Structures are given as structure tokens and as C-alpha cells.
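In this text, all values refer to a predicted model and were calculated from it rather than measured experimentally.
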Amino acid sequence: MQEAMINKAKQLLADGTVNRVMGWKRGEFVYDITPAVFETAEEIDADFVCDDFTAANVSKYLVKESRKEGKILAFLKPCDTYSFNQLVKEHRIVRENVYVVGIPGGPKLDAEKIKAKGITGILCVKNENGTLKIDTLYGEETMPYYEAILGKCETCKSRKHVVYDELIGEEGEVITAEDSGRFDMVEKLENMTAQERYDFWREQLSKCIRCNACRNVCPACTCENCVFDNPASGISNKAAADSFEENMFHIIRAFHVAGRCTDCGECSRVCPQNIPLHLLNRKFIKDINAFYGEYQAGEDTTSRAPLNNYDKDDCEPSIVHERGVE
Amino acid sequence: MLRIPVAKSDELFAAIASQQTLYLPADRKDGQAEYRKWEEGVKLSSRLNTVRSAKDFFFPQTENLAEFRMEGKKIEVIDIRKESEDFVIFGVRACDARSFTILDKVYLVDPVDTFYQTRREHGTVVTMACTRPAETCFCQTFGIDPTEPEGDVSCWSDGSYYYFRANTDKGQKFLDSLSSLLEDGDTAALEETKAKTKEILSKLPLAKVSTENFGGDKLNEYFRSEKWGELSESCLGCGTCTFVCPTCQCYDIRDFDTGHGIQRFRCWDSCMYSDFTKMAHGNPRLTQLERFRQRFMHKLVYFPANNNGEFGCVGCGRCLSKCPISMNIVKVMKALEEK
Amino acid sequence: MQRIGVFVCHCGTNIAATVDVKAVAEALGHEPGVVISREYQYMCSESGQNLVKDAIREHNLTGVVICSCSPRMHENTFRKAAAAAGLNPYLVEIANIREQCSWIHKDIASATEKAVILGKAAVAKVHLNAPLIAGESPVVKRALVIGGGIAGIQTALDIAEAGFDVDIVEKQPTIGGKMAQIDKTFPTLDCAACILTPKMVEASQNEKIHIYSFSEVTDVKGFVGNFTVTIKRKARYVDETKCTGCGLCTEKCPMKKVPNEFNMGLDNRTAIYIPFAQAVPKVATIDPNYCMMMKTGKCGVCSKVCSVGAIDYKQEDKFIEEKYGAIVVATGFNPINLDKYDEFAYNQCADVVTSLELERLMNAAGPNGGTLLRPSDKTHPHTIVFVQCVGSRCDDEKGKPYCSKICCMYTAKHAMLIREKYPDTEVYVFYIDVRTPGKNFDEFYRRAVEQYNVHYIKGMVGKVTPKSDGKIDVQASDLIANEQLHINADMVVLAAAIEPDKTARPLATMLTTQMDTNDFFTEAHPKLRPVESATAGIFLSGACQGPKDIPETVAQGSAAAAKAIGLLCKNSITCNPCVAHSNELMCNGCSACEKVCPYGAITYQDKEFRMPDRTTAIRRVASVNPAVCQGCGACTVACPSGAMDLNGFSNSQIMAEVDAICK
Amino acid sequence: MQVNENTNFEPVIVAFCCNWCSYAGADLSGTNRLNYPTNVKIIRVPCSCRVNPMFILRAFQRGADGVILCGCHPGDCHYTSGNYFTRRRITLLYSMLDFLGIERDRTRLEWVSAAEGAKFAATMQEFTDAVRKLGPNRRLEDLRCRKQ
């Protein structure tokens, strides 16, 4: 796959279709891959990588890149195409300036999950028939492949590209909620008592260090000036000085992307404290689906976002009282 | 050397906790470690290090500085400072231990930050030598020997025993208070462990990372480097690197209206944030490139320039594993060195 | 530094009996920024207002808080008083301590405590109030009426009567609309043409009225008082200014087999045609789909016979742009298409007709010159069955959920006319209900039943089957007698539901007005603003808003005219200054605000900005038209970055109130 | 759920009312002298759709024990569609607060027309009682703002 992508990138650079390539650059270790823009075939040959660890969603970079001179080639995984489309819809990405090549998606691997097994000194990771063989400073370790799959890939919602100019590999299918199980955890929480839910979220959100990684990586969070950075908003803050601020930041963050979040899972991927932030977004998605009909943000560029829309027969907020457990 | 069997660690922690509050790295459900107050049942983590560094104990993420109360149209300033209690941080790694000396250079020089100072005075640092360094470790780059950690008390483990050595008066006092538990013992097994660790250290992927091309005199060489553009391109501008960093020491001061008074507090700030240098007249660092450059220039050039060549990094590797897009100081150093 | 004055009203004993007004004034006097705090018997009285005015001047106040009755009562009074004393009226805030405090509480201590909190909230808010200046926007003194049916004609005549220029845009070659096709009108049974055509002539002769027939609105820009409308003048291949309407061309045209729309396709017309004798403008139009000259280049008869040289085969669509202060929508209705109603055999049998077709069949200018004959064999029908509610009050997707309102009455009319003219004809009407609210309506219906012996049967027609002998079998149920019926009919007349014209939906988009799910235009308020749309400056006339009969349509046409005249009378409109505004530096250009704005007040522009890195960039940013914005604030919440805020109810003002209340 | 029935707890209740229906409805309950608890303090907004979830959270932060939002009945919005947007936003917000374990009875949305003075008073009484039963807001408060 990587080979085909490199060839495609070099070809499109050579024929002048694009003047830059958005992809991933190899790092110091097997897993520390950085999104990068390549301008020459030499750079691509040297550093371009696409493997089990190229999980980063590069769509958000295109907000800036698509406003630069010339056209850029972007390799987008199925999940990334949803983010891309949503940004096109919100006029954040200039579509004409991006040449989208759809590439197969994951599952990608999560180095943190390997480390959480106590495996340290990772030098090399190989998947051999469902077993990860990990070469470490302390000898070879193994673990089941599926246990190292990135959280966001475990509950993949779609292997279908919703936008592309060209496709490498075969097109996949949208995965149903039943098959992906992506709402299972939300449902589990919904079935807890209020006290249990409260305790769960206190435990999780109290870990927050307000590094803003979740916000800054989020392809839906592209505000010119975030309300949390704007002293005039009345709610700006830097570090949570009280548990309220931890709650508020995450409620508002999720609310601001409600109906726009494509469920790309980047927020939870980057959280240094492993807070399952995607559950908040998924709660909104699940509610929107249940209350206002199935809606997948980023699926198209024309439909009205559920929060900018209404139906005269919408349910009342009292529905909250009728569902689940108090 | 004074030692205690690992099996008796609960007894040891109970004894410490009976005198002062004890904090130590403990495992969280999610497979990561964090400092936690010791109480019955809390186990010392076997992980290499905590997500958040130990700097939190002396320089917490938020801290109240003063309060103002308004009575009618009068304003009263209230000093909210309370004498802090003595506390012990157990199991600090060599990198984090070194970070305290770096923070001291910022906060204990004139004008002394008395909030920081008070905490330093009340805290006893018990370090723990590393035995299983990770691929992200590069403390050696900054002259740190993880098998010989600093701190008020240094501690080693060979798997069977914890060995202790006091480095300061405070540390000595601490060990004295535990004398009934500690026994003198042979260190042969420990030396063997250290030797093994040293062998691993020499094989670390980042063992060769060197500071020789960096330092206070490199301002002109690197400030205008063309590499910054490419390096900072993918930076999200989040504060993860800053907030997991044991040596980052910047803060913002803000006022919060509680409804019955104003709380003046400080909280960590990050030079990666767009409003970090925002002033009344504007912002001198307008792009992520400038902000990104600042962070690394500070650690590799400005800090040594002002602190006798000491770098503002301890090689703990937290930013290497936590940066959402895996951009970090090692990559920056290597890129800058590439001419 | 703020200098705020607080004025606490006793309202006689209305407030003072349950709220310790002195204590309230005392407590609020200690609030930061408050420099004077007074109480008075009746703050709204002249001397009370003078107290406020004097304090404003004497203390150079920057804000005023009145603790009194509801702002819905006296906010304007105090705003005017402040303005008279030289303080911007929007620097006044009211704390409602009467309706929302003294009148609902009995305990003085707790009512006083609450009054103080409400006062504090108002003080907190007024700290953040900004002086607002109501903008003015000029009004173009010309109205546009879209649709030239009876609704549009009535509206245009009334507006012209008031002395304003008004243009009618009609997509057909003539004005007149559906009423021109109707034979007689209920409940008076007078001839529709006799009352309509004089109005058409009046419209065409009125100097203030300009008729753009055979034209369509293609674009609407602007806002109340200042719309710019693009009108497409479709090519009719006849020079309107030259054509005298002599009709010679229509006589000579060799292409005579064109279905005549005016007669519902029941007879034919020529390729060059004038829809009907009294058409306005009386100008010929060439139908390019049938004209031999246009299709094959061989013919040119009309051009040869036209003595004034009005024929122009090369004419093209023309676009003109006009400015208007007000727009009245009068796009009317159409009967629904009955293709899906196989059970009524509408497409299978020529003798199953719609009510509008029946109108033409009975009309003197119709295909049979006014004699009612079966379309199939031109024989006189002896048994006619009327089927009500075809597609009206319908649950399934074939029809419409609403009542078309006019069918009961016109069916009674048809039945009566037939029985009057052809007493040997049996007339059956199958109905669900007979709905006859309206002046003299029920009497009319009863006359049909009692005097004219029309057979009204409550029940549904199940199936209409054409038989080989030319008769039609109508199978129905009589719900009252509870029996199945078979009627051997000669003709079946279907009361087809009516629906808004298909052009209405795209027009609503252009006008940024709202429609309901049936594509009827939504009025600004269902009870209190029935002829205005929610978009300022757009008014609704006739059946485009909902099914209506002629008198109602005319009444609404005149009402819409009155509203438009009210607007056109003004030289400029004072805008509500409490409108949304966008901070362009923070705007993402995402369009969320635009999507939730009910008024189309938000537009996007690409603007050049100096970026942080000292480059310039084109950014898409929202801007609010203050003349159109009504200040609901929907956009402020839709905006994720907080770029959108609302004057008078800003984020910071509301949060200051929250803080003050919760403290 | 913790119930504080024996204490003298008086909840702080913030009511956001749209100018055209609910605020007028509140005025009407005043005009008709229909009593409801003094705990309720009303903030006037042009339309219920002006209420940002931020305001509701802010109220809880600053010490409110309950927040109620009132607007025109669906279909009767002065601005034609504002309350439809409100309904979606607030439903999702309340559902999220519930998801985080915040007591459901602390939040409410009620449609009150200008003619429904009696409904306004009854709703406020009912809501205040419900919040009083829940006791002070502890799960979504800011300790710094707690009254000393």
C-alpha cells in the first residue's frame, strides 16, 4: 500500500496535478509518526510512511493547506474522508485545492496499549497472523494483535470513502452501529444509575490536564478563536481550577461539535490521560440518531446539521426523564 | 547500605504516612501511573514513570495567590496562604528529580517565589533508581544517571530490597525517622542490577542524542533556521508537551469572581498557546512557528544561556510518547543539527 | 467608570405594600457603580420621570435601572425619558419587581430580598449595556405583486389607489388567474368573468400599475424597503408594444391542434394565441413548441397577416432588474394532478372530469359554448355524480392532509346550476362532510338540497368504472343508509384538492420566507399577523397562504395591500437596534448562523483580512443586515466560536444577570 | 438520591423566559396574583433560542440549584422557528447532563404562553418543590462560588 501511495504521490507531483502531498512522516521509533507535507519526490522517498501506526487524521491540516497556493494531494482513510467532507460543508476547506486519494483504513495500532501491557523499550512491532511480535530492549514480547488496536478503530463506523478524486485499493462498506458496537459503552453508561454515571465521569474528567489536545486535534474544532481562549466569552479558562470547569469544558466542547462530529475518534486517541472523550461525542450522536433520525456528519456536504434544523414534531426534553435510569 | 525487604514495603509506607503525607506513583485502571496519596491498599507502581511529572507537588497546575473581598465599595486584600504540611514524594525518577533543580533556578532566585519555596521546604524527595528504561528515555543526554538518582534520599531496588541513601540533612532526618524499620545490608545484588541497567542504557535508541551542538551561544545559529517551518507545520498548538513536561514552568495569573470575592490564582500556561504572549499592544508571537520555536529554543538555548549551560530538559521522554502528532525535542534537535 | 442611577417605584402600594422599597433602594445604592439610588411613589408619572431625568443630568449617569412594573409595560416610557435627558435609551434596564415580585409574594422580608436580587441583576446588566442607535433604512416606494390572479390584482389595485407604483409579475400571457376560468361564483351565482374582467381592465389602465405578463421572478436580493428583483420576461415572439390584439393571426394560423390550456385541454387553440377574449394584456403569444415557423422555418403566416409587424420569431428572454420596497406574494393554487387516482378512472374515461374542467364545459366561452355535453360523445348527460374530497383530507401520500375549503361550495353551485338548466338531470354528490361556514353559504347549500333536489349522499365512492355502453358505473357506499350503491352515471365530476402553485417553493427560497410542509407560505403569526410573512417586507395574498374562496382572497389581498401601503408610506424604516452582529475576526464562515436565521438576515462575504503572520487572506465571514434581523438570537447559539452576539442581550449581559442572581 | 427535607434549604432557581410568551405569562401570573416561590428569579431573553447552554452551566456554577427555560409553545414562536431550535439544543444538553450523572430534576424546559399565567405559577411551584427535594446542587457547582 505504502508503495502504491508513494508512486501515486510522485506521479501527481510530476504531472503537476498537485504541488504538495499531505501524508505521514516516519519518526524515531516505529510508532511516533508525524503528519507532514511533502514537496518533492526525494522527501517522499526518504520519509513518507503509511503503516499500522499512521492513525492521525490529516483532514484538519487541510483547512490551512487548502488555502495555500496550488493544489495539495491528501491521502485520506475512510474515517478521514468524513471529517474532510464536514469541513468542506462548513466552508473550512477549499475543495478545489485538494486532490483526495482515498486509501484503505485501519485498524491501526496504539502504542499506548502495548505499553500498558508493561511492554517497554519497544524497538519493532510486527503482526504475524494475529499475534504482535514486539522486539524490545528486553527481548521479544508478544501480545494478541486485536488487543493493541486503537480504540477508534475497534468501533470503526465505515470503511467507505465518502469523498475522493481517486481511490487506491478497494472500496469498503458502511458498518452498522450493531456491527461496530460503537454505542455499546454509551448504552452501558446510560443503564447505570445517575450516581454511577457521575462517579464514572468524575473519575475520568478529574484526570484532565486541560492540555487542549482533544480540542486542537478535533477536525470539527477549527474556530478562528475558541470560546475557551477568548476572555470576552466569559468562560475562557486555562486550567480547571475546580471540578466544575473540568465538566464544563468537556460538555461545551462536545456540545459545540454536536451534529458536526463525525466520530473520528481523534480526541480519545490523543488524550494523554486516556479519558474516553469520544463517549461524550457519541452520546450526542446516539441521541441525535434516536431523536431526530439517523444522521452521520460528514456523509455529505449539503444536508442540514441536526442542530441547525428542526421538525415540528420533535421530541420534548422530557424524553430524558423517560429514558434509561435516574 | 540501609535497606528494607520489598515485601515489607507496606510497613514502610505506613510508617512514613504516620508522620507526614506520603505520595507515590500508583497504577490507574487505564494502565498508566499517577502520583497518589498513600493509604492502605495503594501499591507502588511498577511502571517507569507517571503521566504527569512530579513537578505538580511544588508547582501545582492551579494555585490561589490571594483573595479580594468587596464590602460596599471598599476592597480588602486577603492573604490566603496557609502553612503547608510536610510531605514525602516517594519513587521520583532521576529525570524528575533533576527537574526540581531546574525549577529551583527559576523560582528560588531573586525574586523568590515564596509559594514554590514553601512547598520545596516542606517536601522530602525520595527518588527511585531506574531498572527498566524505555526507548523514549534520553536523560543521559543531560548528564543524568538514572541508576544514581538525586533527591533528599536516593532509593534503589534489586527486586528483593529497597536500599536507601540520604543526600541531604532533610533526607537524613527522614531516614532517621525510619530507623526502626531499616537495617544495614550488603549491596552486591544491587550493584549487579545497576550494571544490568547500565548495559541497557548504553543500548537505548536515543543514547547517542547529544547536546554538544546546543547551548547558550547558539541563538543566532538556530533562531533563523529554516527548519522551524517544517518542524512546526504539524504542531496542533496544544499544551500536552508543556503540561507533561517536568521542567516547563510558565504560568498565567488570572482573577476569578466567585460572587463573594475575587480569587487571584495562577495556572500553568503553555508557550504553545496562541494567547501566551498576548499583551495590551498585541502579540509578538503570531504564528505557531514562533511559538513552537520558543519552546525548544528556551530549553536548548535560552535556558542554558541564563543558567550556566544547564539545559531546560531532563530527557524523561514524556513528550515523546504523549505528543498527539509525535513531534518532540529529539526530532527538533536532530533536525536542527542536520545542516 | 460607570455612574448608575437606581430608581425604585412604589407603584402606590402595588409594590410598596409587599416590598420594602426603601430597603431596596438602600441595598442597591451599595452596588458597585451605583451613584444614586432613589425611591418614589409613581416613577412613571411625570414627576417620577423628571426625577430620573434630573438625576441623569445632575449625576451625569451612564446607566439607569428602574425597579418597577414589567418592562413590557413601561420600558418605552423610561427609555424616552432617558433620551429626553440626553442618555441613550438603551442604557436603561428595568427590574420587574411588581408582576414578578410584589404581586406574587406575600412575605415582605422574602419579597424584599428578591426585589434586591432582581435589582442587582439589572445593575449588573446595565454595567454592560452599550448605547445603541436605531439604524434607518430608506424605503423604495414601489411594490411588487407576484401573481396576477384575483388576489394579486386586488392587492395591486389597492396599492395603486394609495398612490404607489406597483408591478404585477404574471407567468401566464394574461392576468386573471383561476378566477378567469370559473363560470359562476357562489353563493350569488353571478358570472365570474363579469366581475373579474373589469378589474383586469382597471389594473391594465391604472397608470400606477405595470403588468409584466408572461414573466417570472428569478432572483430576489435585498431586504425590507429595498429589494432588488430580477424579472425574466419570457419571449412571446410578439412585440407587446405593437400588437393590437386584433386576433387576425390567431384566425390565420394553420397550426390549429394545440391543446387549449385555458379550457383545460378540452378543445384546441392555434400556435399563436390569445388565451381568451378578455385577456389582459390582449396580446398574442406564439407557442414555440407548436409554431411551424419556429420548428421548421416554414410558414410565417402570422407575420404576413400582422399589419403592425408585431411578430418577432427571434425574440429572446429578457431580464430586467427593478427595485421594490415591498413584495406581495400572490402565487395562488392549482388543482392537484389526478393521475394517481385510478379508482376514479380519471385517465381512462373522458367523461370523468375535474370541477375546474366542468367550469369550462359549462362556460359560454368554453368548448361547447355553454351547453353541458359529455366530452366523449357530445351528448347531454342525464346522471352526474360529484365526488368530494378527491385528495383533500387525505392520509396517504397521493393526496393532501388539509381541507381544500372551496370544494363543498362550488360543488353545490355546480349541482344547482345543472339542475336549474337541465332539470332532467339527476345529480348525486358523495361527501364526507359538507362544510359551509361563510356568509350565506349554508343557505346556499340547503337550497341545492331542498329546492333543487340534489342527492347528497354521505359516503365514499369506491370505484368508478367506464362501461362499454358509454355509461359509467359508480360504486359507492351510503353511510347513513348503510348500503352499497351502484349509480349508472353519464358523467363523474371530481372535486380535486388544490395545492400551492409549483413556482411557490423556489420563490420562497429566493424570498427567504417560510413555507409549511404543504408548500403554503407561513404567515408571521397564525392569528395576529395573517398577511405578513415572517420576513419583513414580504406579504401574503390569496391562496398561496392557504386554501381560500374568492371573497376571502380579495379580503386578504386588500389586507396585504394595506400592510404594504403602511410600509411604503414611510420614507425610511427605523430598525430595531437589538440585532445580532458578527465579529468578523472570530467568524469561521461555517454558515451555521445563516441556516438558523428565520429571516435570511445573514449573508456571507469573502473579505480580505490581514492574518497573524502578516499576510493577507480572503476569508468567508458572516454579516448581519440590521434592517432584516429581528433579534431572536438563534444565530448566537448556533455560532460555535461566539462570533455572533446580540445587542441588548449579549452573552456577557445575560451571564452578568445569571451571576447576580446566583450569588 | 440524597433528600434534604429537614433542612432549611432554599434553592436558587434561575428561569430564562422568552419576552413574547413566557415572560408575558409570568407577568400575567403577577397580574392575577398567583403566588409562586420567591426562589425563582427570571431573566428575560428575546427568545428561548437565545439561551446558550453556556448560560445554563454558568447558573449552576454560580450557585443555582435548578434552571428552568420557558418559551412560546412550538408553532407559536414570535420568531416563527426559534423555539424549535431551542427544543433540539436543550433536549441534547439535558440528556448530556443526565449522562454525566447530574440530577434530571434540576433542569426543565416548559412552554408557557402569554395567556398561561396559571400554568407559569404552577410550573414554578412544581419545579421549586422538585429542586428543593433534591437538595443543594453539588454535582455541577463550583466550590469557589459556594456561599460561605
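The residue among D/G75, D/A121, D/C49, D/C77 with the most heavy atom pairs within less than 4.5 Å of chain C is D/C49. Of the listed residues (D/L34, D/V45, D/V12, D/I43), the one with the most heavy-atom contacts under 4.5 Å to chain C is D/I43. Listed options D/E10, D/R62, D/H78, D/M54 were ranked by heavy-atom pairs under 4.5 angstrom with chain C; first place goes to D/R62. By number of non-hydrogen pairs under 4.5 angstrom with chain D, the leading residue of C/G648, C/A634, C/C635, C/C69 is C/A634. The residue among C/L118, C/D659, C/L646, C/D107 with the most heavy atom pairs within less than 4.5 Å of chain D is C/D659.
Heavy-atom distances place both the backbone and the side chain of C/N651 under 4.5 Å from chain D. D/F16 touches chain C through its side chain: at least one heavy atom from C-beta onward sits under 4.5 Å away, while N, CA, C and O do not. Interface remark: D/N39 contributes no atoms to any contact with chain C (heavy atom separation under 4.5 Å). Only the backbone of D/V51 comes within less than 4.5 Å of a heavy atom in chain C; its side chain stays farther off. The parts of C/A638 that come within reach of chain D are both its backbone and its side chain, each placing non-hydrogen atoms under 4.5 angstrom from that chain. Only the side chain of D/V14 comes within less than 4.5 Å of a heavy atom of chain C; its backbone N, CA, C and O stay farther away. For C/I661, the parts lying near chain D are the backbone and the side chain together; criterion is any non-hydrogen pair under 4.5 Å. Contacts between C/A121 and chain D at a heavy-atom distance below 4.5 Å are absent for every atom of the residue. Contacts of D/A24 with chain C are made by both backbone and side-chain atoms, with heavy-atom separations under 4.5 Å.
Rounding to the nearest 0.5 angstrom, the gap separating the NZ atom in D/K41 from the SG atom in C/C101 is 8.5 Å. The structure places CD of C/E99 at 9.5 Å from OG of D/S29, a figure rounded to the nearest 0.5 Å. One distance of note links OG1 of D/T31 with CE of C/M73; it measures 7.5 Å at 0.5 Å rounding. Between the CD1 atom of C/I104 and the CG atom of D/N32 there is a distance of 12.0 Å, given to the nearest 0.5 Å. Going from atom CG of D/N19 over to atom SG of C/C578 covers 10.0 Å, rounded to the nearest 0.5 Å. Distance check: C/S102 OG to D/R33 CZ gives 7.5 Å after rounding to the nearest 0.5 Å.
A pairwise comparison of heavy atoms in C/C632 and D/P46 identifies O-CG, 3.8 Å as the closest pair. C/H105 and D/Y36 get closest at one heavy-atom pair: CE1-O, 2.9 Å. Nearest heavy-atom pair across C/S110 and D/T38 is OG-CG2, 3.8 Å. Residue D/R44 comes nearest to C/F649 through the heavy atom pair O-CE2, 3.3 Å, listed as atom of the first residue, atom of the second, then distance. Residue C/P598 comes nearest to D/T80 through the heavy atom pair CB-OG1, 3.7 Å, listed as atom of the first residue, atom of the second, then distance. The nearest pair of heavy atoms linking D/Y79 to C/Q630 is CE2-O, 3.4 Å.
The main-chain N or O of D/G30 is never found under 3.5 Å from a side-chain atom of C/R98 such that the two would form a donor-acceptor pair. With hydrogens and angles disregarded, a donor-acceptor distance shorter than 3.5 Å links the side chain of C/K114 to the backbone of D/V40.
Within a 6.0 Å sphere centred on NZ of C/K563, other residues, nucleotides and ligands contribute 12 heavy atoms or fewer.
When side chains are defined from C-beta on, C/T636 does not count as touching D/N52, because their heavy atoms never get closer than 4.5 Å. A 4.5 Å side-chain heavy-atom check between D/P53 and C/V637 finds at least one atom pair inside the cut-off.
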* Carefully, step by step, assess D/I42 and C/N96 under the rule side-chain contact (heavy atoms from CB on, under 4.5 Å). => CA-CA 9 Å; D/I42 295 172; C/N96 184 344; over 6 Å; no
